[in-house]
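Read through the structure below, which is laid out as structure tokens, and then see the notes.
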Amino acid sequence: MKKTRKKLQGKSAVILFFIVFAVLYTIIYIVPKVTDIFVQTYTAEYGTLEMSIDSKCIIIRDEQVYKASVGGSVDRKIEAGELIRKDSLVATVGGREQYTDRRGIVSYYYDGYENKINSEKLSEIKENFFNEFSEGQNQEKEAVSDTAEAGDVIFKIVDNKRWFLMCWLDEEDGQKFEEGRAVKASFDDNDPVDMKVYSNTKQGSKYQLILSCNNSYKDFDRYRIKECKLITSSYSGIILETDSIVEKDKVKGVYVVNKLGNSVFTPVSILLSTGDKTVVEKNYYYDSEGKYVETVESYDEILKKGK
């Protein structure tokens, strides 16, 4: 009987050990994971948020095409994209030197629209130019680089002091641009170019937007029509999920999880919101009364849906 009783006690001890182990394991490992399902967070990060419009645009430049006066072998003296002075030697054809009578960017591409699309004819350009250009035969061509005949295009000089970008926008987008306003334009995902609204005119159901620029960008001399991203607003700060922003006592903010695991309401100053993302001031800001307010920082843990 004593041996049987000891065996039962031993088994009970083992069972009790596993029960205690299971309870502790659940508390330590399972409960936090289950809790996380209901309390979701994300890490705040520094970044830039943009408001932009995609549009097909016409590039309008003042430019001069230079043709060979005689036939012969071509020897280019200047690299494409280089800015040169008036009266510079650009190439020789058949041993005859070809100079430029104006300053500007050297280009070895042309399309036949150099005299049709320029700053003097801005008011004459209509939206149907897109169709005309697409259906026409005057697409981008490269100037002769080996042997030329008299009359062949040898090079082109582009005035980079001021050029234009023209597009047509629907009413909602067109109303976002005021004359004289600064705008950025991006081509082929390259760094944006600083531009200014030259004019914004209602034409039928659309707005004809013309932007001006005095900075060149790579290959700006080469293309006539480009897909462009017009950046109307751009702000840098802490990027938040819009749904995590709540209002408490008429103050907008988010709940930040501190080192103790507590959720603390933290005011924010919104710079720009684009649907599901919002950019706010980083570290601190001054409210409408001029008071210093501490706000969210990089790597703060933010509650997804407020509290």
For Gln203, look at atom CD and say whether over 12 heavy atoms of other residues, nucleotides or ligands are found less than 6.0 Å away.
yes

Would you call Lys304-Glu241 a salt bridge at under 4.0 Å N-O?
yes

For a salt bridge (Lys or Arg N to Asp or Glu O under 4.0 Å) check, start with the C-alpha distance between Lys206 and Glu127, then their side-chain angles and the critical distance, and finish with the verdict.
CA-CA 10 Å; Lys206 293 188 176 181; Glu127 187 177 7; 3.1 Å; yes

Please tell me whether Tyr255 and Ser244 have a donor and an acceptor in their side chains that are separated by less than 3.5 angstrom.
no

Using only heavy-atom distances, determine whether the side chains of Tyr99 and Glu97 contain a donor-acceptor pair under 3.5 Å.
yes

Are a donor atom and an acceptor atom from the side chains of Arg181 and Asn200 found within less than 3.5 Å of each other?
no

What about the rings of Tyr299 and Tyr46, do their centers lie closer together than 6.0 Å?
no

Does a sphere of radius 6.0 Å around NZ in Lys161 hold more than 12 heavy atoms from other residues, nucleotides or ligands, not counting ones at 6.0 Å or beyond?
no

Please determine, by modelled atom types, if Gln208 and Thr201 share a side-chain donor-acceptor pair under 3.5 angstrom.
no

Any side-chain to backbone donor/acceptor pair from Thr295 onto Val293? Under 3.5 Å, distance only.
no

So, Tyr110 versus Asp221: side-chain donor-acceptor pair below 3.5 Å or not?
no

Yes or no on side-chain contact (heavy atoms from CB on, under 4.5 Å) for Cys228 and Lys56, after CA distance, side-chain angles and deciding distance?
CA-CA 6 Å; Cys228 304; Lys56 185 177 286 187; over 6 Å; no

Has Asn262 got more than 12 heavy atoms of other residues, nucleotides or ligands less than 6.0 Å from its CG?
yes

Test Cys167 against Ile58 for side-chain contact (heavy atoms from CB on, under 4.5 Å), laying out the working first.
CA-CA 6 Å; Cys167 64; Ile58 303 174; over 6 Å; no

Kindly work out whether a path of hydrophobic side-chain contacts (I/L/V/M/F/W/Y, heavy atoms less than 4.5 Å apart) joins Trp163 to Val197.
yes

Quick test of your reading of the model: are Arg224 and Glu63 salt-bridged, counting only N-O distances below 4.0 Å?
yes

Quick check on the 6.0 Å ring-centre criterion: do Trp168 and Tyr207 meet it?
no

Taking the ring centre of each residue, are Phe155 and Tyr108 less than 6.0 Å apart?
no

Linking I/L/V/M/F/W/Y whenever any side-chain heavy atoms sit under 4.5 Å apart, do Val256 and Ile245 land together?
yes

Would you please say whether a donor-acceptor pair under 3.5 Å links the side chains of Ser88 and Thr100?
no

Should we say atom CG of Asp249 is surrounded by more than 12 heavy atoms from elsewhere, each under 6.0 Å from it?
no

Side-chain (Arg222) to main-chain (Glu140) donor-acceptor, under 3.5 angstrom:
no

On the six-membered ring of Tyr113, is Lys116 placed so that its NZ or CZ lies under 6.0 angstrom from the centre and within 45° of the ring axis?
yes

OH/Tyr198: more than 12 non-hydrogen atoms of other groups inside 6.0 Å
no

Will you find, in the side chains of Asp276 and Thr242, an N or O donor that is under 3.5 Å from an N or O acceptor?
no

Minimum heavy-atom distance Ile117-Ile59, with the two atoms named
CG2-O, 4.3 Å

salt_bridge(Asp75, Lys77) N-O dist < 4.0 Å:
yes

Can any side-chain N or O of Thr232 pair as donor or acceptor with the backbone N or O of Met51 at less than 3.5 Å?
yes

For Lys67, does the NZ atom sit with more than 12 other heavy atoms under 6.0 Å from it, leaving out its own atoms?
no

Taking all heavy atoms of Ser119 and all of Ile60, pick out the closest pair and write down the distance.
N-CG2, 4.0 Å

Greater than 12 external heavy atoms within 6.0 Å of Asp54's CG:
yes

Are the charged groups of Glu114 and Lys156 less than 4.0 angstrom apart, N to O?
yes

Taking the side chain from Asn118 and the backbone from Glu120, do they hold a donor-acceptor pair closer than 3.5 Å?
yes

For the hydrophobic clusters of this structure (ILVMFWY residues joined by side-chain heavy atoms under 4.5 Å, transitively), does one cluster hold both Leu272 and Ile239?
yes

Worked check of side-chain contact (heavy atoms from CB on, under 4.5 Å) between Ile238 and Val279
CA-CA 5 Å; Ile238 299 296; Val279 61; over 6 Å; no

Counting only heavy atoms not in Lys226, do more than 12 fall under 6.0 Å of its NZ?
yes

Within one Ile-Leu-Val-Met-Phe-Trp-Tyr cluster: Phe220 and Ile84, side-chain cutoff 4.5 Å
no

Assess the residue pair Ser107 and Ile157 against the criterion (side-chain contact (heavy atoms from CB on, under 4.5 Å)); give the C-alpha distance rounded to whole Å, side-chain angles, the decisive distance to 0.1 Å, and a yes or no.
CA-CA 6 Å; Ser107 173; Ile157 299 298; over 6 Å; no

